[in-house]
J.: 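The structure under discussion is supplied below as structure tokens; questions concerning it will follow.
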2 protein chains.
Amino acid sequence: MQQVADRANVSISTVSFVVNDTKPVSPETRARILQAIDELGYRRNAAARTLASRHSHVIALMYPLSEHHLSEFVTAAAAASARLGYRLILWPTHGDDAASEVTSLVKSGIADGALLMEVKLEDERVAMLRDADAPFVLMGRTRDTTGIDFVDVDFETTTTQAVGQLARLGHQDLALVVEDNTDTPLAGYAPAARTEQSFVAETAARGLGAYVARLPRGPAAGSAFADLLVQHAPDTTAVISLHNDANFGLVNTLRRRGVQVPRDLSIITISAPERLGALCDPPITTYPQPAEELGRRSAEALIARLQGSEEEPIQLLIPCEHPSSTSSVATAARDRAPLTGADL
Amino acid sequence: MQQVADRANVSISTVSFVVNDTKPVSPETRARILQAIDELGYRRNAAARTLASRHSHVIALMYPLSEHHLSEFVTAAAAASARLGYRLILWPTHGDDAASEVTSLVKSGIADGALLMEVKLEDERVAMLRDADAPFVLMGRTRDTTGIDFVDVDFETTTTQAVGQLARLGHQDLALVVEDNTDTPLAGYAPAARTEQSFVAETAARGLGAYVARLPRGPAAGSAFADLLVQHAPDTTAVISLHNDANFGLVNTLRRRGVQVPRDLSIITISAPERLGALCDPPITTYPQPAEELGRRSAEALIARLQGSEEEPIQLLIPCEHPSSTSSVATAARDRAPLTGADL
DNA sequence: TTGTACGCGTTATCAA
DNA sequence: TTGATAACGCGTACAA
């Protein structure tokens with residue numbers, strides 16, 4: 001910085017004013033400084049800037065160590081941050097020491113704020129960050145969201161829309177399959193709970209039959225689900241799935257049993273990566289998860305908060321987009337026989 | 001830090017010695033300091049440390065902005081870094097301004113070094129980082145790797161093994177499908193090139209028929225590939241795929257045409273996420289990509305380099321593990337009819 | 001509009 | 001084994 005100042009015949013502070021655009025500088029001086037910066041290839045030192053300004057221009061993405069698929073919203077959040085002059089740092093946390101992770105994140109000054117992934121209905125990180133006065137935005141929602149910034153998928157609206165779409169096609173008996181995360185590190189993870197609740201409410205309001213299955217992760221859940229339908233809800237004509245892995249096992253099992261999708265059974269999957277649904281045979285009608293928007297918006301929300309440009313809580317609910325195809329959805333078959341477990 | 005020193009009745013330097021373990025400190029003093037740290041909840045300020053020590057303890061993960069699926073090796077790299085006292089910062093780069101990104105990365109002092117993803121055979125970032133004297137490790141390989149640290153999948157060995165496995169089962173005519181990245185931002189991306197080369201070499205050495213298809217991304221490539229086989233290599237009895245999306249389209253198309261996998265056609269996919277292969281019907285035999293190991297090892301390599309504990313270039317080639325199932329592989333059918341394009 | 005000088009919270013050098 | 005103190009590179013209050 002001193003070299004730049006020397007070369008431009010100004011003081012070091014004038015360089016700072018230009019670099020940060022913090023005070024008016026005459027056009028000529030500015031030009032000389034910019035030229036010197038360019039010629040010397042000067043970049044301001046991030047640590048010194050952080051130390052002096054008390055802002056790191058870094059935001060942390062906190063997620064459980066066990067989560068292996070960060071997917072698109074991470075890259076979207078990183079891209080949005082970069083566009084706004086921030087960097088995204090990965091902050092994996094063990095389930096049990098989230099406490100100390102939060103503290104060190106805040107007190108070390110590494111990051112100005114945090115984005116929280118995999119939010120549970122009751123999430124201890126929220127109270128900790130709040131106590132520490134650390135700005136944060138949830139990618140998801142806790143049960144009580146009073147005064148908390150969050151950006152989340154609108155599972156309620158999406159579920160209601162999916163039920164509505166099926167009801168209009170004459171389906172009377174619906175089933176829902178969600179991931180069961182009891183006993184996993186994600187116990188209390190909210191999407192399944194919210195979706196189930198909306199599903200139950202909306203089917204009840206419409207007087208439709210409703211069967212709900214909570215199944216563990218993995219494609220085997222799909223076959224298990226098919227069996228459960230045979231056993232407990234053989235009259236089901238349409239399925240809504242929040243269980244990505246199960247979709248494959250389900251369509252494959254159905255095919256083997258001669259159940260035609262969508263003629264005999266309609267399937268809709270919600271908040272899933274669109275490309276995943278397209279890989280099934282037949283392709284599964286998908287309310288695609290707004291991953292890019294979720295990542296981008298949450299980063300933008302946090303940065304807005306950091307820059308103090310927001311007063312009110314930022315609470316964004318993003319419904320999934322509407323399906324781009326109806327490949328696995330059809331009118332309810334009037335007189336379809338109950339589902340059976342026999343392979344062809 | 002001053003408060004800690006006061007409370008422990010020592011000087012601020014002694015606190016530093018304890019915190020960084022840089023100089024011997026008597027057990028009693030150390031204990032007093034640690035207690036004071038604990039009681040005050042002190043954490044050292046990252047920016048100040050970086051400024052004074054000239055090390056940020058941050059490493060950057062550079063990847064093209066277009067890459068949407070960071071997947072498991074990102075989380076593995078982040079986890080390994082955290083374990084070693086480093087943090088991983090995401091560093092998306094536009095294809096065209098990689099130059100300035102590299103420069104700012106190095107000169108800003110934000111990161112001590114970089115991990116490079118999506119390495120091309122000729123990658124401009126390498127020369128730039130080298131010129132800037134910035135430590136880096138490639139997750140992948142350039143064509144010329146003299147003196148460069150890298151951790152990469154051993155596509156050559158894996159391809160050779162896959163060809164060998166099929167040859168031993170009596171297959172005479174093999175086909176390979178890879179992603180065609182000509183005209184995409186990933187043009188020059190190495191895995192496809194290396195795999196193709198090894199495939200051609202190994203089949204030639206064994207006197208086997210070899211057909212190669214380079215196809216664009218997306219599941220539609222699978223059906224296209226099936227058509228290409230019918231047209232150009234109808235006697236193919238086994239397929240090797242480096243094209244994840246195509247696998248689904250391929251098995252689904254084959255099923256519709258009455259081609260049974262693996263009775264009529266064997267399929268092996270290499271360097272793919274294992275869970276993806278399991279979603280096909282039938283499940284595709286997979287040489288799973290060593291994603292976790294790749295991420296972990298590359299972070300470890302970079303940190304070793306940063307800590308000066310390595311002299312020689314770190315060059316790690318990791319073959320894919322062996323398939324855990326042979327669900328889509330069988331003995332070559334002696335007298336199978338040539339493939340046709342007619343649906344059942 | 002520009003310059004001076006102090007402080008940010010550490011690490012590292014040197015002396016005790 | 002410990003302590004005093006000078007950097008580290010920048011932002012900013014205040015002065016000019």
Side-chain angles (χ1 to χ4, degrees), chain A residues 1-37 40-58 85 103-112 306-308, chain B residues 1-34 36-37 40-58 85 87 103-112 306-308:
Chain A
M1 202 157 179
Q2 187 62 60
Q3 289 179 32
V4 172
D6 291 348
R7 184 179 262 256
N9 275 317
V10 295
S11 82
I12 184 173
S13 45
T14 309
V15 176
S16 176
F17 300 151
V18 168
V19 168
N20 298 309
D21 207 24
T22 41
K23 287 206 178 180
V25 172
S26 73
E28 306 82 45
T29 319
R30 170 186 299 275
R32 284 208 315 283
I33 293 176
L34 289 177
Q35 188 184 350
I37 286 177
L40 294 169
Y42 164 82
R43 310 275 169 140
R44 69 179 176 298
N45 179 288
R49 179 163 87 123
T50 300
L51 192 55
S53 71
R54 286 132 169 298
H55 295 296
S56 68
H57 280 230
V58 167
T103 321
S104 72
L105 167 63
V106 174
K107 306 203 77 166
S108 69
I110 286 188
D112 295 338
L306 290 173
Q307 299 180 334
Chain B
M1 201 159 179
Q2 186 63 61
Q3 290 178 32
V4 172
D6 291 348
R7 182 179 265 255
N9 275 318
V10 294
S11 80
I12 185 173
S13 340
T14 310
V15 176
S16 176
F17 301 153
V18 167
V19 168
N20 299 306
D21 207 21
T22 41
K23 288 204 178 179
V25 171
S26 73
E28 306 81 44
T29 320
R30 169 185 300 275
R32 282 208 317 283
I33 294 176
L34 290 177
I37 287 178
L40 293 171
Y42 163 82
R43 309 276 169 141
R44 69 181 177 297
N45 179 288
R49 177 163 89 128
T50 301
L51 189 57
S53 70
R54 290 131 165 302
H55 294 296
S56 67
H57 281 232
V58 167
R87 298 290 176 180
T103 319
S104 73
L105 167 63
V106 174
K107 305 202 76 166
S108 68
I110 286 188
D112 294 339
L306 290 174
Q307 300 181 334

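Chain letters run A, B, ... following the sequence lines, proteins first, then strands; residues in each count from 1.
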J.: Taking B:Ser56 for its side chain and B:Thr50 for its backbone only, find out whether a donor-acceptor pair lies under 3.5 Å.
T.: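 Side chain of B:Ser56 to backbone of B:Thr50, a donor-acceptor pair under 3.5 Å: no, none is there.
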
J.: Between atom CZ in B:Arg49 and atom P in D:dG9, what is the gap in whole Å?
T.: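 The distance from CZ of B:Arg49 to P of D:dG9 comes to 17 Å, rounded to the nearest Å.
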
J.: State the OG-CD1 distance between A:Ser26 and A:Ile33, to the nearest 0.5 angstrom.
T.: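 Nearest 0.5 Å value for the OG-CD1 distance: 8.0 Å.
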
J.: Which atom names give the shortest non-hydrogen contact between A:Ser11 and A:Ala5, and what distance separates them?
T.: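 Closest approach of A:Ser11 to A:Ala5: C-CB, 3.7 Å.
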
J.: Verify side chain to side chain contact (heavy atoms under 4.5 Å, CB included) between A:Val10 and A:Val18, making sure each step is shown before the conclusion.
T.: CA-CA 11 Å; A:Val10 295; A:Val18 168; over 6 Å; no

J.: At a heavy-atom distance below 4.0 Å, what parts of residues 1-8 of chain A sit against DNA chain C?
T.: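 Here the set is empty: none.
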
J.: Within the modelled atom types, does a donor on one side and an acceptor on the other bring the side chain of B:Ser13 and the base of D:dA4 under 3.5 Å apart?
T.: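 A donor-acceptor contact between them is present.
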
J.: Taking atom CD1 of A:Ile110 and atom CZ of B:Arg43, what is their separation to the nearest 0.5 Å?
T.: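 Separation between the atoms: 11.0 Å.
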
J.: With side chains defined as the heavy atoms from C-beta onward, is the minimum distance between B:Asp21 and B:Arg30 less than 4.5 Å?
T.: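 Side-chain contact under 4.5 Å: yes.
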
J.: Check each residue of residues 16-25 of chain B for a non-hydrogen atom within less than 4.0 Å of any atom in DNA chain D, then write out the ones that pass by number, or none.
T.: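 Correct list: B:Phe17, B:Lys23, B:Pro24, B:Val25.
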
J.: Looking at every heavy atom in both A:Ser16 and A:Thr22, which two are closest together, and how far apart are they?
T.: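 Looks like O-OG1, 4.1 Å.
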
J.: Which part of the nucleic acid, if any, lies within contact of A:Arg30, taking any heavy atom under 4.0 Å across all strands shown: a base, the sugar-phosphate backbone alone, or nothing?
T.: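 Contact class for A:Arg30: none.
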
J.: Distance check, rounded to the nearest 0.5 Å: B:Arg32 atom CZ versus B:Arg7 atom CZ?
T.: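 Taking CZ in B:Arg32 and CZ in B:Arg7, the distance rounds to 12.5 Å.
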
J.: For DNA chain C, note the earliest and the latest nucleotide, 5' to 3', having some atom under 4.0 Å of a heavy atom belonging to chain B.
T.: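 The contact span of chain B on DNA chain C goes from C:dG9 to C:dC14.
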
J.: If you find the nucleotide of DNA chain D closest to A:Ala52 and the one closest to B:Val10, which residue's nucleotide is nearer the 5' end?
T.: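 The residue mapped nearer the 5' terminus is B:Val10.
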
J.: Using a 4.0 Å heavy-atom cut-off across all strands, classify A:Thr50 as base, sugar-phosphate, or nothing.
T.: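 No contact.
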
J.: Among the candidates D:dT1, D:dC10, D:dC8, find the nucleotide nearest to the side-chain atoms of B:Ser26.
T.: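 Comparing D:dT1, D:dC10, D:dC8 against the side chain of B:Ser26, the answer is D:dT1.
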
J.: Between A:Asp112 and A:Leu306, which heavy-atom pair has the shortest distance, and what is it?
T.: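 Distance-wise, the nearest heavy atoms are O-CD2, 3.4 Å.
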
J.: Between B:Pro27 and B:Ile12, which has a closest nucleotide on DNA chain D that is more 5'?
T.: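 Going by which nucleotide is closer to the 5' end, it is B:Pro27.
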
J.: Report the residue from B:Val15, B:Asn45, B:Ile37 that forms a side chain to side chain contact (heavy atoms under 4.5 Å, CB included) with B:Met1.
T.: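 So, applying the side chain to side chain contact (heavy atoms under 4.5 Å, CB included) to B:Met1 and each of B:Val15, B:Asn45, B:Ile37, only B:Val15 qualifies.
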
